[in-house]
Amino acid sequence: MNTLKLDLIIIGGGIAGLWTLNRAVSAGFNAILLEKSTLGGGQSIRSQGIIHGGTKYALSGVLTQASNTIKEMPQRWRDCLDGQGEINLNGVNILSDAHYMWSKGSLGSRMTTFFATKAFRGRVEEVSANERPQVFKNKQFKGSLYRLNELVLDIPSVINTLRQPVENRIYQADITNAQIDSDGKTIKGITFPTQSLRLEAKNLVLTSGEGFEALAKTLDIRQPEMQRRPLHMVMVKHQYDLPTYAHCIGTGSKPVATITTHPCKDGKHIWYLGGNVAETGMDRTEQEQIAFAKEELATLLPWVDLSKAEWAAFHINRAEPKQSALVRPDSAYAEKVGNCIVAWPTKLALSPDLADQVLSLCDQPSQAVESNSLQPLQILPKPETAEPVWETLFC
């Protein structure tokens, strides 16, 4: 039996886990990541890729805790994308350097946009007619358009860029099928009998999203609890070269729809729809949700003919720490339970903040161990990067 002693084992290979692994290794931790299937195959690959700055959480005109927590994240990501931040993300494909916010033209929606602008003075700027993205240059567009200090990233390229510098520390393994050595308070070891491998670590970090429930049962973690916030997302595959990255604002405190655009392998494009379209769609069948989305887009962007487009809808659960009334958490979350650290970023943009919290909870690293000490792990396979969800839906 090969026994490997580590400072940190991260369970879950989404962007949060990969970001934390990079930070941990840079900080001198002898750390590895275990993923049971594909990297990013849970919530990460189904993300719209928006690095929020919090504007959509301030549509009531009031700076909420959520908008305050997240407002510094776009600049932190930009520093990394420029190669000047805590992780070098030079290899990431930036789909759009800005996300936009537009009103439908009604007085109520203009007022909502105005309040959001006042709340985020300096982070939101109105876009003149000649500077608008192509989709908003049509004469039928009568609303207001604002440019937000928010990025939109190609998620597969984020995952691959994060995995590259720590490739020798990422392995495919499901610890729910392993033998857990525990004294009821701490996890002493994880044994994979068929591989004759035992792992011992000072800390176990759980960044497994919805997979936390199975892990909690395996590790006998009763608190914290997880909640699922369900969404019914819609995708539209079309032939237009109309990159659209925007929130449509109505009279309410949430975007009517959030649209991002993603390239397909066959040269076509996907419009990926979130916002209120997704949040209100849980009681609709797939056909009803597509019909609803068609009506919404026909109202919001009537000059775009989508009669020949392909449509698909699917469900996804956002996994988060449990809140009263299933409300959206305001910030990233990390809590230490014995020598386990339970962690949820709650939003893609907050992955750097989550890594800060996790590392602050970890026991100090032991003296650095040479990379060849990871040799016993070579018996484990390597996980692949997950395919974009639109490639599987429209294959």
Side-chain angles (χ1 to χ4, degrees), residues 4-35 39-40 42-44 47 49 51-52 69-70 72-92 151 153 155-171 199 201-209 212 321 331-337 339-371 373-374 377 383 385:
L4 181 60
K5 296 182 182 292
L6 301 152
D7 293 315
L8 204 61
I9 300 175
I10 298 166
I11 310 296
I15 288 175
L18 290 166
W19 196 290
T20 301
L21 177 63
N22 276 269
R23 286 285 312 283
V25 172
S26 296
F29 288 86
N30 187 24
I32 65 169
L33 183 148
L34 301 180
E35 166 56 48
L39 294 180
Q43 292 187 56
S44 291
S47 164
I51 306 303
H52 286 292
T69 300
I70 205 171
E72 304 303 330
M73 288 300 108
Q75 187 58 52
R76 194 163 170 180
W77 280 80
R78 287 182 191 277
D79 289 343
C80 293
L81 292 162
D82 290 339
Q84 305 298 317
E86 62 216 59
I87 298 174
N88 188 340
L89 296 182
N90 265 330
V92 170
L151 296 152
L153 305 180
I155 293 301
S157 71
V158 176
I159 295 168
N160 285 324
T161 301
L162 286 170
R163 79 176 290 171
Q164 192 275 328
V166 287
E167 183 66 49
N168 67 322
R169 295 177 176 273
I170 299 172
Y171 295 90
L199 305 178
K202 291 183 178 180
N203 292 120
L204 204 64
V205 180
L206 309 182
T207 56
S208 48
F212 168 74
S331 59
Y333 177 94
E335 180 179 341
K336 195 165 188 178
V337 182
N339 66 335
C340 291
I341 299 171
V342 181
W344 286 283
T346 71
K347 303 169 187 67
L348 168 68
L350 288 169
S351 294
D353 181 58
L354 181 73
D356 290 346
Q357 293 187 43
V358 168
L359 294 185
S360 72
L361 294 172
C362 287
D363 296 332
Q364 289 301 305
S366 56
Q367 189 171 357
V369 180
E370 296 297 328
S371 60
S373 67
L374 301 177
L377 291 169
T385 297

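FYI, side chains are in, hydrogens and waters are out, and symmetry mates aren't considered; it's all heavy atoms of this structure.
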Under 3.5 Å: donor-acceptor pair, side chain of Thr161, backbone of Leu89:
no
To the closest 0.5 Å, what do you measure between CG (Leu374) and CG (Asn168)?
6.0 Å
At what distance, to the nearest 0.5 angstrom, does CD of Gln75 lie from CG of Asp82?
8.0 Å
Would you say the side-chain atoms of Thr207 pair up with the backbone N or O of Ala343, donor to acceptor, closer than 3.5 Å?
no
Within a strict 4.5 Å, meaning less than it, do heavy atoms of the Leu348 and Gln43 side chains meet?
no
So, for Ile159 and Gly40, which heavy atoms are closest and what is the spacing to 0.1 Å?
CD1-CA, 3.7 Å
Working note: Val358 + Ile10, criterion side-chain contact (heavy atoms from CB on, under 4.5 Å); need CA distance, chi angles, decisive distance, verdict.
CA-CA 10 Å; Val358 168; Ile10 298 166; over 6 Å; no
Run the numbers on Val205 and Leu21 for side-chain contact (heavy atoms from CB on, under 4.5 Å), then give the verdict.
CA-CA 10 Å; Val205 180; Leu21 177 63; over 6 Å; no
So the salt bridge (Lys or Arg N to Asp or Glu O under 4.0 Å) pairs with at least one residue in residues 155-165 (sequence neighbours excluded) are Arg163-Glu167
Between Cys362 and Asp7, does a side-chain contact (heavy atoms from CB on, under 4.5 Å) hold up when you go through it step by step?
CA-CA 9 Å; Cys362 287; Asp7 293 315; over 6 Å; no
Asp79 CG to Ile87 CD1 distance, which is reported to the nearest 0.5 Å
12.5 Å
Working to the nearest 0.5 angstrom, can you tell me the gap between Leu359 CG and Gln364 CD?
10.0 Å
Suppose we screen for side-chain contact (heavy atoms from CB on, under 4.5 Å). Which residues come up paired with Asn339, at least two apart in sequence or across chains?
Thr186, Ile187, Asn203
Measuring from Leu377:CG to Arg169:CZ, what's the distance to the nearest 0.5 Å?
9.5 Å
Check: Leu33 and Val166 side chains under 4.5 Å, non-hydrogen atoms
no
Return the set of residues passing ring-ring contact (aromatic ring centres under 6.0 Å, His included) with Phe212 (not counting sequence neighbours), or none when no residue passes.
Trp344
If you look at every heavy atom in Ile70 and Ala349, which pair is closest and at what distance?
CD1-CB, 3.9 Å
Would you list the pairs meeting side chain to side chain donor-acceptor pair (under 3.5 Å) in which at least one residue belongs to residues 13-22, sequence neighbours left out?
Trp19-Glu86
My understanding is that only residues two or more places apart in sequence, or in another chain, count here; which of them pass side-chain contact (heavy atoms from CB on, under 4.5 Å) with Ala332?
Leu350, Asp353, Leu354, Gln357
For the residue pair Pro345 and Ser351, what are the closest heavy atoms and their distance?
CB-OG, 4.1 Å
Taking the side chain from Thr385 and the backbone from Leu39, do they hold a donor-acceptor pair closer than 3.5 Å?
no
Do you know the tightest heavy-atom contact between Lys347 and Ser331?
NZ-N, 4.3 Å
For a quick check under 3.5 Å, do Asn160 and Gln164 share a side-chain donor-acceptor pair by atom type?
no
Lys202: what forms a side chain to side chain donor-acceptor pair (under 3.5 Å) with it, not counting sequence neighbours?
none
Quick one: CD1 on Ile11 to OG on Ser208, what's the gap to the nearest 0.5 Å?
8.0 Å
side-chain contact (heavy atoms from CB on, under 4.5 Å) between Glu35 and Ile170, intermediate numbers included
CA-CA 8 Å; Glu35 166 56 48; Ile170 299 172; 5.6 Å; no
Minimal non-hydrogen separation, Gly83 against Asn88, with atom names:
CA-OD1, 3.8 Å
